[in-house]
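The residues of the chain are indexed from 1 along the displayed sequence.
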Amino acid sequence: MIILKTLEEIALMAQASRVVAETLLVLQQAVRPGITTDELDRIAETEIVSRGARPAFKGYRSYPKTLCASVNDQVVHGIPSKRVLKEGDIIGLDLGAIVGGFYGDSAVTVSVGQAPERNARLVRVTKEAMYLGIAQAVVGRRLSDISHAVQRHVEAAGYSVVTEFVGHGIGRQLHEEPQVPNYGKPGQGPRLQAGMVLAIEPMVNMGGAAVKILEDRWTAVTVDGSLSAHFEHTIAIEPSGPPRILSQP
Ligand code: MF3
Ligand code: CO
């Protein structure tokens, strides 16, 4: 069952998502060669708490940290550590916060220092795919129109969409129905309605689609070692017109 949100509930989700967005901006400023992902995690927690919110991921299914920091071939759910970032790396920063019992969830991928154009293109195409998916999140479309728009753009650029992880409904829980795959035929699944709040989050590999989970039971990496990028916004479907992007600062 897809839980539709009231305007009051969406207002709380907007607050939570704003905290995430502002924190992601601070993190992007902090990303540079020499910083560790643990240091980024510490910053994330400080920023979230100072804004009167709670980290959403820490303790979620025993996840140990506030931030997911996924470097290079890490697709998602990289656990912050003593790993030192170096020039030319790309890093996915994925963050959730809770305000008044409601969640916000967003992710960006950025380059560390100057990235080669080959890497920057993967990041750019992934972000574009997310926005093309978001553009489909309007009343009158069906769920898989989002999925299809993402897949089409990614594959036209010569990359692969990850199929093992999907976007999701979000509300009083981090993950609610429906699942939002990043692939599929258009015109399938539930009709989109005002009050649906979705986390749309393409994960895109430069090489093959296959991923595996490391021994730490969290970190997803590409099987072929190719680079991977991830963007995510929490959006609310409006009665008419384009969706409201809640996780935009
Ligand atoms: N943004 C991710 C998601 O939507 C991260 C959640 S995994 C967690 O699934 F354990 F870190 F919370
Ligand atoms: Co998510």
Side-chain angles (χ1 to χ4, degrees), residues 16-17 19-20 23-24 27-28 30-31 35-49 53-86 89-98 103-110 112 122-123 126 130 160-170 173-177 179-183 199-234 247:
S17 300
V19 170
V20 170
T23 301
L24 284 176
L27 291 173
Q28 288 178 69
V31 164
I35 197 167
T36 68
T37 52
D38 263 342
E39 289 175 292
L40 294 173
D41 182 70
R42 169 59 71 92
I43 294 169
E45 182 151 340
T46 304
E47 294 293 323
I48 287 176
V49 171
R54 270 199 307 129
F57 297 170
K58 203 174 200 172
Y60 177 82
R61 295 179 180 237
S62 304
Y63 185 74
K65 303 275 172 136
T66 292
L67 179 69
C68 293
S70 306
V71 182
N72 294 341
D73 64 327
Q74 298 178 349
V75 179
V76 284
H77 305 162
I79 303 174
S81 69
K82 294 183 166 56
R83 180 171 183 158
V84 178
L85 298 182
K86 56 181 199 332
D89 285 344
I90 61 170
I91 180 170
L93 304 165
D94 187 355
L95 210 56
I98 310 174
Y103 283 80
D105 188 7
S106 183
V108 296
T109 299
V110 294
V112 181
L122 174 74
V123 173
T126 306
M130 176 187 66
S160 307
V161 289
V162 173
T163 57
E164 264 102 320
F165 300 98
V166 294
H168 49 95
I170 179 169
Q173 291 186 273
L174 178 58
H175 298 130
E176 294 184 355
E177 285 182 43
Q179 293 195 16
V180 186
N182 294 301
Y183 58 93
I200 297 176
E201 51 175 320
M203 289 142 271
V204 176
N205 298 349
M206 194 177 275
V211 304
K212 63 181 182 192
I213 309 292
L214 297 185
E215 287 278 274
D216 65 17
R217 295 167 140 271
W218 277 105
T219 313
V221 299
T222 60
V223 168
D224 61 11
S226 68
L227 290 186
S228 187
H230 175 216
F231 280 85
E232 176 174 19
H233 267 317
T234 295
S247 50

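The shortest distance between side-chain heavy atoms of V211 and V221 does not fall below 4.5 Å. Using a 4.5 Å heavy-atom cutoff, the side chains of D94 and H230 are in contact. Under the 4.5 Å side-chain criterion, counting only non-hydrogen atoms from C-beta, V123 is not in contact with V110. In this structure, I90 and V112 have side chains that are not in contact, with every pair of non-hydrogen atoms separated by 4.5 Å or more. The side-chain heavy atoms of I35 and V84, taken from C-beta on, include no pair separated by under 4.5 Å. In this structure the side chain of L174 reaches within 4.5 angstrom of the side chain of D105, judged on heavy atoms. V31 places a side-chain heavy atom less than 4.5 Å from the side chain of I91. Side-chain contact between V180 and H168: absent, with no pair of heavy atoms (C-beta onward) separated by less than 4.5 Å.
Scanning both residues, A199 and I170, for their nearest heavy atoms gives N-CG2, 4.0 Å. Smallest separation of non-hydrogen atoms from T234 and G104: OG1-C, 4.1 Å. Between F231 and T126, the closest heavy-atom pair is CD1-CG2, 3.8 Å. Closest approach of I43 to A30, counting heavy atoms only: CD1-CB, 3.8 Å. Across P80 and Y63, no two heavy atoms sit closer than the pair CD-OH, 3.4 Å. Of all heavy-atom pairs spanning M203 and N182, the tightest one is CE-ND2, 3.8 Å.
Applying the side chain to side chain contact (heavy atoms under 4.5 Å, CB included) rule to A44 yields the partners T23, L27, T66, L67, L95; only residues at least two apart in sequence or on another chain are considered. When the side chain to side chain contact (heavy atoms under 4.5 Å, CB included) test is applied to A210, the partners found at least two apart in sequence or on another chain are V223. Every residue two or more places apart in sequence or in another chain that forms a side-chain hydrogen bond (donor to acceptor under 3.5 Å, both in side chains) with N72 is listed here: D89. Scored by the side-chain hydrogen bond (donor to acceptor under 3.5 Å, both in side chains) test, S247 finds H233 as partners (sequence neighbours excluded). In this view, E47 and R51 satisfy the salt bridge (Lys or Arg N to Asp or Glu O under 4.0 Å) rule, not counting sequence neighbours. In terms of the side-chain hydrogen bond (donor to acceptor under 3.5 Å, both in side chains) criterion, residue partners of E39 (sequence neighbours excluded) are, by chain and number, T36. Judged as a side-chain hydrogen bond (donor to acceptor under 3.5 Å, both in side chains), and not counting sequence neighbours, T222 has no contacts. In this structure, the side chain to side chain contact (heavy atoms under 4.5 Å, CB included) partners of A53, at least two apart in sequence or on a different chain, are V19, I48, A97, V99. H77 pairs by the side chain to side chain contact (heavy atoms under 4.5 Å, CB included) definition with C68, F165, W218, not counting sequence neighbours.
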*After noting the C-alpha distance and the side-chain angles of L40 and L85, does the key distance pass the side-chain contact (heavy atoms from CB on, under 4.5 Å) rule?*
CA-CA 11 Å; L40 294 173; L85 298 182; 4.0 Å; yes

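Counting only residues at least two apart or on different chains, no salt bridge (charged side-chain N to carboxylate O under 4.0 Å, His left out) pair has a member in residues 209-224. Each salt bridge (charged side-chain N to carboxylate O under 4.0 Å, His left out) pair with one or both residues in residues 62-83, not counting sequence neighbours, appears once here: D38-K65.
A donor atom on one side chain and an acceptor atom on the other are not found under 3.5 Å apart for Y103 and H175.
In this structure, CD in E232 is found 9.5 Å from CG in L24, a value given to the nearest 0.5 Å. To the nearest 0.5 Å, atoms CG (L93) and CD (Q28) are separated by 6.5 Å. Note that CD1 of I79 and CZ of F57 are 13.0 Å apart. Values are rounded to the nearest 0.5 Å. Here OG of S228 is found 7.0 Å from CG of L122. Values are rounded to the nearest 0.5 Å.
Annotation for Q179: atom CD does not count as buried by contact number, only 12 or fewer foreign heavy atoms lying within 6.0 Å.
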